[in-house]
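Heads up, the thing below is written out as structure tokens.
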Amino acid sequence: MVRFFVQNFFDPTLRPCYHLVRMYHHQEIETKWQKRWEEAGLFHAKDQSDLPKFYALIEFPYPSGAGLHIGHPRSYTALDVIARKRRMEGYNVLYPIGWDAFGLPTENYAIKNKRKPQDVTTENIATFKHQLQMLGLSFDWSREINTTDPAYYKWTQWMFLQFYKAGLAYKAKMAINWCPACKIGLANEEVVNGCCERCGGKVEKREKEQWMIAITKYADRLLADLENVNYLPKIKKQQEHWIGRSEGAEVMFQVDGREEKITVFTTRPDTLFGATYVVLAPEHPLVSTIVSESQKAVVTKYVALAKQKSDLDRADEEKEKTGVETGVFAINPVNNEKIPIWIADYVMMGYGTGAIMAVPAHDDRDFAFAKKYELPIIEVVRSELNTQACWCGDGVVMNSGFLDGFSTAKAKEKITTWLTNKQLGKSSVQYKLRDWVFSRQRYWGEPIPLVHCEKCGWVPIPEQELPLILPDVEKYEPTDTGESPLASMEDWVNTICPTCGASAKRETDTMPNWAGSSWYFLRYIDPHNDQAFADFAKLKYWMPVDLYNGGMEHTNLHLLYSRFWNKFLCDQGHVPVSEPYLRRYSHGLIMAEDGHKMSKSKGNVVNPDEIVVEYGADALRMYILFMGPFEEPVPWSKNGLVGVRRFLEKADRYVQDWIEHPEARQDLGKIVEPYLKRVNEDIEGFHFNTAVATFMELMNRLLEKDSKGKMMFVGEKQLQKILCMLCPFAPHLANELWERLGEKGFVEEQTWPTIEEALLVQDTIEMAVQVNGKVRATIRLSPNAIEEEAMVAAFTEGNVQKYLEGKEVRKVIYIQGKILNIVVG
RNA sequence: GCCGGGAUGGCGGAAUUGGUAUACGCGUUGGACUCAAAAUCCAAUGAUGGCAACGUCGUGAGGGUUCGACUCCCUCUCCCGGCACCA
């Protein structure tokens, strides 16, 4: 090993390593160990094992053309640390990786550059794989999967057919969010502030027949089962919010002088006496039937106008609410009052029943509307606060006949019972969650394996014919007609009905890219199985995922979809557990050095592979862990990286000096052990930043000279322990140093060190002495010292005496091992 | 508007259960080594007063609880993330 090596300006494969001269040769070391790990198959999970299992999962990357982002390794490195630790702790660890490769960016790139998406994907994966492998992550590459591989999407299609057969996949004509730029229908979840999540362009409404999956059927379980999992609290909250359960009641209003009844949903049935009008959403089916002759023209115009508006326009609260009268009245069932029926676009067809009872005295929106159109406002809840505007909180019911004097909660109960008994309503639970729009009019996705026959309707293609291969087409460009590019492939589209043999047409829409990622964690368990998506016994051994980490941007949709998907498969008997992820964690974004998000256009992107070449994978890994709290966003800093690199060099040098000075070794267990204890705890608590800081502190401590001015070299056992615990963070260097110590095999094959409690007991500790809460001195004493001993020690301190002089000691607070506070008056 | 999370030196950030605020890293300053530079090593580094011992102030703002508050409570300001006419 060349310890003092001068920058090599001659070898073109070695980029000069900034300003370091005395350094360890990271490139040589890292390639060497990566090769050895690979040859030994060290990180392959075992299918048959008596060991306890540990399944660590990271969100598999989308192999974009931009290459690996520095944010990717943040997640991968953190879980790598845990995976490596678990292996050393004796677990059979599954830490897999794959590619979520269907999707728009690749398709768009392919269109622009006139290439096949398949080819682009293959290239991108190769780049990503190469970049990832430089990092020395302990992935089990033998289980690599790719959602665009027919052997994989065969099972995505198979699962879609299971949804279809179970009646959970259905086709519905509906107004969809249409992105004119991407020429694609978007799920509600993909529309952000009325704009396309992908391109940022404004979204329009279009009528389109779409495949839907009835995720709403699982809303209650998706919510309730959050009880049984360990997610970061904010993630749980997001899931809860997205599912959006509200309890309330449905109330039936008879339309005056007509057959029709209007059912409304309300969370405040207690305010029924205060309802002064009813509102229908413009899309409500009753709109066309009940409107009076005189109002027909006005209503038709209003409804047409509302249709044109995007959701963004409609949702814009700044804008004034609008509406039109129907000229017809409804009967309030509780007091038989006639109240007008209005149509207004502040009521959404997609939630509840698409109709509301308006209680302007106790709902902000109804209040604003009533003010504008001069509708009556009847107060029925007395609030504790004397508000002039409308009061939306709880209180005591008034002006409400038999409900008077009851609390809001009690009144809700009473009125709901009353409505139920009179068959005028019932209690009801509504969810914000809506069914999943599962069709995309694009090429680069899984073909939906259904055939439409004039006679038989929609027919699944036989399972043995799966996968239904995505055919090569001439043009990938999406069409403005709303048809998938597949629709122009007549050879492919025209087929025969599997049931009756008549000519039939294939579905030309493809699946959204959420599909493949909704079940990938199952495929890792048995990635090469061609008889089933995974063997049940293997699923039983490995599931659920013990630890799942990814970005906060996927804690709404992907998490919900995949939980739902897994639950469905579980109900069908294909998966043994109902909840796929035992524990879910999330990392924060890595921002650019300037504090902004990294983006190509800003030119502030950091390329991981360049950092690896220049500073080494170990330095990059450790720096990514060191930069800040794992769940929080942190700015990238090259200076910080240099600090970590210096630490690694110090470690390298320390071990080298240690080898050369066997005579200077001594038992420093009492010094070393507390640091190791902290590292151990920090890893388990996801405090990787302080774990790295602890290693640095330990190193600094060991580099201090002892009282005789000599280097402090730890004993052999202690050094081995340190290297074992360093291994998950800097695996290449740890193994290299391990080998230099003359040890055989890999550090990864060692047992994770146990912390010896006896070594944690300190002989003396430093304690602060306060007088009236202000620190005046520090004393050294035994951690078990009693108050009297502490007082004696304190009184020897001149500074303490100074503050006690002439004062009466009123009180002494002594917390053993923590503080001595003398209160004087 | 609602929900969640924050605010600590020049910078990124530590601080266990309320117990010496600023660990660790970066930067800066001074010194050693060198013809010189880089690297490395040593020292200093919250503000302020003092030759020093030491003092005063100090964790977004204001108040409170406590022997003692970055930590708990109340009020407010600002920032970040999520949701949003969901009845």
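Every chain is numbered from 1, with letters handed out A, B, ... down the list of sequences. All values derive from a computational prediction rather than experimental measurement. The figures here come from the full heavy-atom set of this structure, side chains too, leaving out hydrogens, waters and symmetry mates.
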Can you tell me how far P in B:U71 sits from the matching atom in B:A39, rounded to whole Å? 41 Å

What integer number of Å spans the C1' atoms of B:G13 and B:U17? 23 Å

Would you tell me if any nitrogen or oxygen in the side chain of A:Asn700 comes within less than 4.0 Å of OP1 or OP2 on B:A23? no

Taking atom types as they are modelled, would you say the side chain of A:Lys234 forms a donor-acceptor pair with the base of B:C3 within the 3.5 Å cutoff? no

When you compare B:G25 with B:C2, how far apart are their P atoms, in angstrom units rounded to a whole number? 44 Å

Mind checking the P distance from B:G4 to B:G9? Whole angstroms is fine. 27 Å

Roughly how far apart, to the nearest Å, are B:G12 and B:U28 at atom C1'? 16 Å

Syn or anti: how is B:G9 classified when any glycosidic angle within 90° of 0 counts as syn? syn

hbond_proxy A:Asn639 side chain to B:C26 base (donor-acceptor, 3.5 Å cutoff): no

Non-hydrogen side-chain atoms of A:Met712 and A:Glu704 separated by less than 4.5 Å: yes

Would you say A:Arg776 reaches B:U20's phosphate, i.e. side-chain N/O to OP1/OP2 under 4.0 Å? no

Between B:A69 and B:G62, how many Å separate the two C1' atoms, rounded to a whole number? 16 Å

